[in-house]
Amino acid sequence: MGSNSSRIGDLPKNEYLKKLSGTESVSENDPFWNQLLSFSFPAPTSSTELKLLEEATVSVCRSLVVNNPRTGNLGALIKVFLSRTKELKLSAECQNHIFIWQTHNALFIICCLLKVFICEMSEEELQLHFTYEEKSPGSYSSDSEDLLEELLCCLMQLITDIPLLDITYEISVEAVSTMVVFLSCQLFHKEVLRQSISHKYLMRGRCLPYTSKLVKTLLYNFIRQEKPPPPGAHVLPQQSDGGGLLYGLASGVATGLWTVFTLGGVGSKAAATPELSSPLANQSLLLLLVLANLTDAADMPNPYRQAIMSFKNTQDSSPFPSSIPHAFQINFNSLYTALCEQQTSDQATLLLYTLLHQNSNVRTYMLARTDMENLVLPILEILYHVEERNSHHVYMALIILLILTEDDGFNRSIHEVILKNITWYSERVLTEISLGSLLILVVIRTIQYNMTRTRDKYLHTNCLAALANMSAQFRSLHQYAAQRIISLFSLLSKKHNKVLEQATQSLRGSLSSNDVPLPDYAQDLNVIEEVIRMMLEIINSCLTNSLHHNPNLVYALLYKRDLFEQFRTHPSFQDIMQNIDLVITFFSSRLLQAGAELSVERVLEIIKQGAVALPKDRLKLSRLLRHTRGAHIFENVYLNLQPCWLSVARQVNLRGDQIKCSLRTACYTEAAFTFNQVD
């Protein structure tokens, strides 16, 4: 590269890059490195320009792959970077822009080369390139210094110890990005890696003591959402035709670079990626998620997952148990605020799911908050705009609701929070509604969308599970929410009748033609009846446990009472229909006694009076089981982990070619193993 490089097109002919990748060894003390690292040219601003950068440097990188075993130039470059990082903290304090700029450039080149090496060779070959010591051809020393471990430890120190200033922002981003690229080894293996170089270096040895400090720093990077410095404040010198390359690859993300990538997998709708305001926060979040989802080593659990599972609030003064390693404290209020504000990205939603599921301290704190609407509303908005979100984001949002609705206190409190003017809910003007009623409306809308579009059985099951968890605590349901519950049952009833009619006609037709195979209507009918039964259980649970709190639901039930006639004698629903039939009969009788032409207000008044008069012992207690994060949910957990690896691949793609089959395989194999790890 060097000070004369100003365009991507010049890179293949660049004399400094040719020397780096050539057959001549370059000592780490050679003045060549100062010349190589003094480069600056206009930043790529699109995926096309990034591909041009890769194409321009691919010959250089492959030449280095061939020649490095003889020259050791990669090791020399790493040693140059390592020696510079020892003075980085002092350089930041002294505002030594040039020194930090060149150190930053060295790390960028290392990251680009690391990406190519990971793509081109096995882990064993990769380690040989990083353990080179002797200068004679083909000579490797078994007791030589392991530069890869040295590099990773240095990156951890850089991330955790270097103060975040305008002049250090970009090198901090690059350090995090380099670790993400290093962890992308899984993407190029079909099998789940349990003894990879990631496990060797990050879970033991010199890197292990940095575990809690690294996780804490990455969390605070996400919490603070530090924006990149303004163009006049970065460390790279300006050219007349644009800013420096490194500034472009990191902070250029903030001006729309990442919008050319999607988080959707194969067959999934791509998500609209909002403008990235903090590259450091985004990259830190990706690294944190990948570290948390590393598989356990053969002889020890993942320490990064342990750290995420055990950290506590800074206000918690109780001592950590000695059995909990890698523990630390963090400000839960700041973390909660950041999670509430960042739910537009599925990375942040995945972090929220991870913390709620794995860290009991975080879950307890969030459930005790008196402003749960700040967290629940963004989750509901994700589900409401289901057609605009990828399936992974929708599933994560739904499972978060399932986790929250396991708590009875949450189910009670959401009906006490009154919201006004929900602008994003467009089906009906909601001037005033409880958070609980809004949650019901959004979940029912998701079910109806799924029935007409995606037809995903598990999405149905999980949506109904959330409603079932809440049903015993329904309080003062909004009239529109009560109507939508009965309307959903009406829709299911019509679908049941339609399939039943199709099955009958098909059976009649088969009597005259023995050669035509019968469609499997029995299976369709069984699925619909399962969903109908669950809806009846939800209604029954509400009537049994909180009848007097929900006159609007009783009103809607009476208004559509004809819907339930066909299920009274149905063998699959007789038991669950007893309470519903009793309520319909009891209140219908009281309305008949009150006379005809009753107003809505008068009907509701009669219902309220009847709810007090109805003996509680006449209703059989509901045996609706609590739906937890059980097997039917975790059959879909692999979908929720995929965006994490897709985002890793997206970062890797900044340094190389598009990942296709290897990405897809790695996503599912890694997630499948993680599925086996969760309880």
Side-chain angles (χ1 to χ4, degrees), residues 85 88-89 92 152-165 168-169 171-180 182-183 198 201-227 278-294 300-342 347-348 350-366 644:
T85 55
L88 199 58
K89 197 169 185 178
L152 288 172
C153 286
C154 179
L155 292 175
M156 286 186 168
Q157 291 175 352
L158 197 159
I159 294 169
T160 58
D161 296 343
I162 299 301
L164 189 59
L165 309 171
T168 61
Y169 186 94
I171 195 170
S172 297
V173 173
E174 197 64 31
V176 175
S177 299
T178 303
M179 288 200 67
V180 172
F182 169 73
L183 287 163
S198 302
Y201 294 119
L202 296 179
M203 295 191 185
R204 53 176 58 85
R206 296 171 56 190
C207 293
L208 186 60
Y210 291 96
T211 297
S212 59
K213 196 172 183 180
L214 178 63
V215 172
K216 183 176 182 178
T217 301
L218 295 175
L219 276 171
Y220 269 125
N221 285 347
F222 168 72
I223 289 170
R224 290 166 180 153
Q225 294 289 317
E226 293 283 356
K227 296 182 179 180
S278 177
L280 179 60
N282 184 69
Q283 295 299 84
S284 295
L285 178 55
L286 292 178
L287 177 57
L288 181 65
L289 292 172
V290 176
L291 287 171
N293 287 292
L294 283 175
M300 68 177 298
N302 179 349
Y304 303 94
R305 186 183 301 132
Q306 286 183 320
I308 288 174
M309 290 172 62
S310 60
F311 70 83
K312 299 193 306 183
N313 194 356
T314 50
Q315 296 181 353
D316 187 348
S317 58
S318 61
F320 284 104
S322 57
S323 59
I324 299 180
H326 316 297
F328 63 92
Q329 291 180 296
I330 203 167
N331 188 311
F332 276 17
N333 182 61
S334 299
L335 177 61
Y336 179 81
T337 301
L339 287 168
C340 293
E341 293 174 350
Q342 300 300 321
Q347 299 102 305
L350 179 54
L351 176 63
L352 174 59
Y353 159 74
T354 302
L355 295 177
L356 280 173
H357 172 55
Q358 297 187 355
N359 191 312
S360 59
N361 298 321
V362 173
R363 183 169 62 253
T364 301
Y365 174 85
M366 289 188 176
C644 173

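A quick note: this is a predicted structure, and the numbers were derived from the prediction, not measured.
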Closest approach of [X] to [Y] (non-hydrogen atoms, all atoms of both residues):
X: Arg305; Y: Gln358; result: CG-OE1, 3.5 Å
X: Ser310; Y: Ile324; result: CB-CG2, 3.3 Å
X: Leu158; Y: Ser172; result: CD2-CA, 4.2 Å
X: Ala348; Y: Gln342; result: CB-O, 3.0 Å
X: Ala175; Y: Ile159; result: CB-CG1, 3.8 Å

* Could you pull out all residues at least two apart from Tyr336 that satisfy ring pair (Phe, Tyr, Trp, His ring centres under 6.0 Å)? =>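 Counting only residues at least two positions away or on another chain, Tyr336 forms no ring pair (Phe, Tyr, Trp, His ring centres under 6.0 Å).
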* Listed by chain and number, what are the ring pair (Phe, Tyr, Trp, His ring centres under 6.0 Å) partners of Phe320, not counting sequence neighbours? ->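 In terms of ring pair (Phe, Tyr, Trp, His ring centres under 6.0 Å), with neighbours along the sequence ignored, Phe320 is linked to no residue.
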Between atom [atom1] of [X] and atom [atom2] of [Y], what is the distance when rounded to the nearest 0.5 Å?
X: Leu183; Y: Leu291; atom1: CG; atom2: CG; value: 5.5 Å
X: Gln283; Y: Leu218; atom1: CD; atom2: CG; value: 11.0 Å
X: Phe332; Y: Thr364; atom1: CZ; atom2: OG1; value: 9.0 Å
X: Thr314; Y: Asn333; atom1: OG1; atom2: CG; value: 9.0 Å
X: Met366; Y: Asn361; atom1: CE; atom2: CG; value: 11.5 Å
X: Leu202; Y: Thr211; atom1: CG; atom2: OG1; value: 8.5 Å

Short question: side chain of [X], backbone of [Y] - any donor-acceptor pair under 3.5 Å?
X: Asn302; Y: Leu294; answer: yes
X: Lys312; Y: Val362; answer: no
X: Asn221; Y: Leu280; answer: no
X: Asn313; Y: Gln329; answer: no

* side chain to side chain contact (heavy atoms under 4.5 Å, CB included) partners of Ser212, counting only residues at least two apart ->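 Residues passing side chain to side chain contact (heavy atoms under 4.5 Å, CB included) with Ser212: His326, Phe328.
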* To do: Please identify each residue that fulfils side chain to side chain contact (heavy atoms under 4.5 Å, CB included) with Ser334, with sequence neighbours left out.
  =>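 Once residues adjacent in sequence are excluded, the partners of Ser334 under the side chain to side chain contact (heavy atoms under 4.5 Å, CB included) criterion are Ile223, Asn331.
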* Mind checking what makes salt bridge (charged side-chain N to carboxylate O under 4.0 Å, His left out) contact with Arg204, not counting sequence neighbours? ->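 In terms of salt bridge (charged side-chain N to carboxylate O under 4.0 Å, His left out), with neighbours along the sequence ignored, Arg204 is linked to Asp299.
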* Asked: Quick one: salt bridge (charged side-chain N to carboxylate O under 4.0 Å, His left out) partners of Lys213, sequence neighbours excluded?
  ->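 Expected list: Asp161.
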If we ignore angles and hydrogens, is there a donor and acceptor under 3.5 Å between the side chains of [X] and [Y]?
X: Thr160; Y: Lys216; answer: no
X: Asn282; Y: Gln347; answer: yes
X: Gln225; Y: Ser278; answer: no
X: Glu226; Y: Tyr169; answer: no

* To do: May I have the step-by-step check of side chain to side chain contact (heavy atoms under 4.5 Å, CB included) for Leu155 and Phe182, ending in yes or no?
  => CA-CA 11 Å; Leu155 292 175; Phe182 169 73; over 6 Å; no
Heavy atoms, side chains only, cut-off 4.5 Å: are [X] and [Y] in contact?
X: Leu289; Y: Leu351; answer: yes
X: Phe311; Y: Leu335; answer: yes
X: Thr168; Y: Pro163; answer: no

* Check the pair Leu214 / Tyr304 against side chain to side chain contact (heavy atoms under 4.5 Å, CB included), numbers first and verdict last. => CA-CA 9 Å; Leu214 178 63; Tyr304 303 94; 4.1 Å; yes
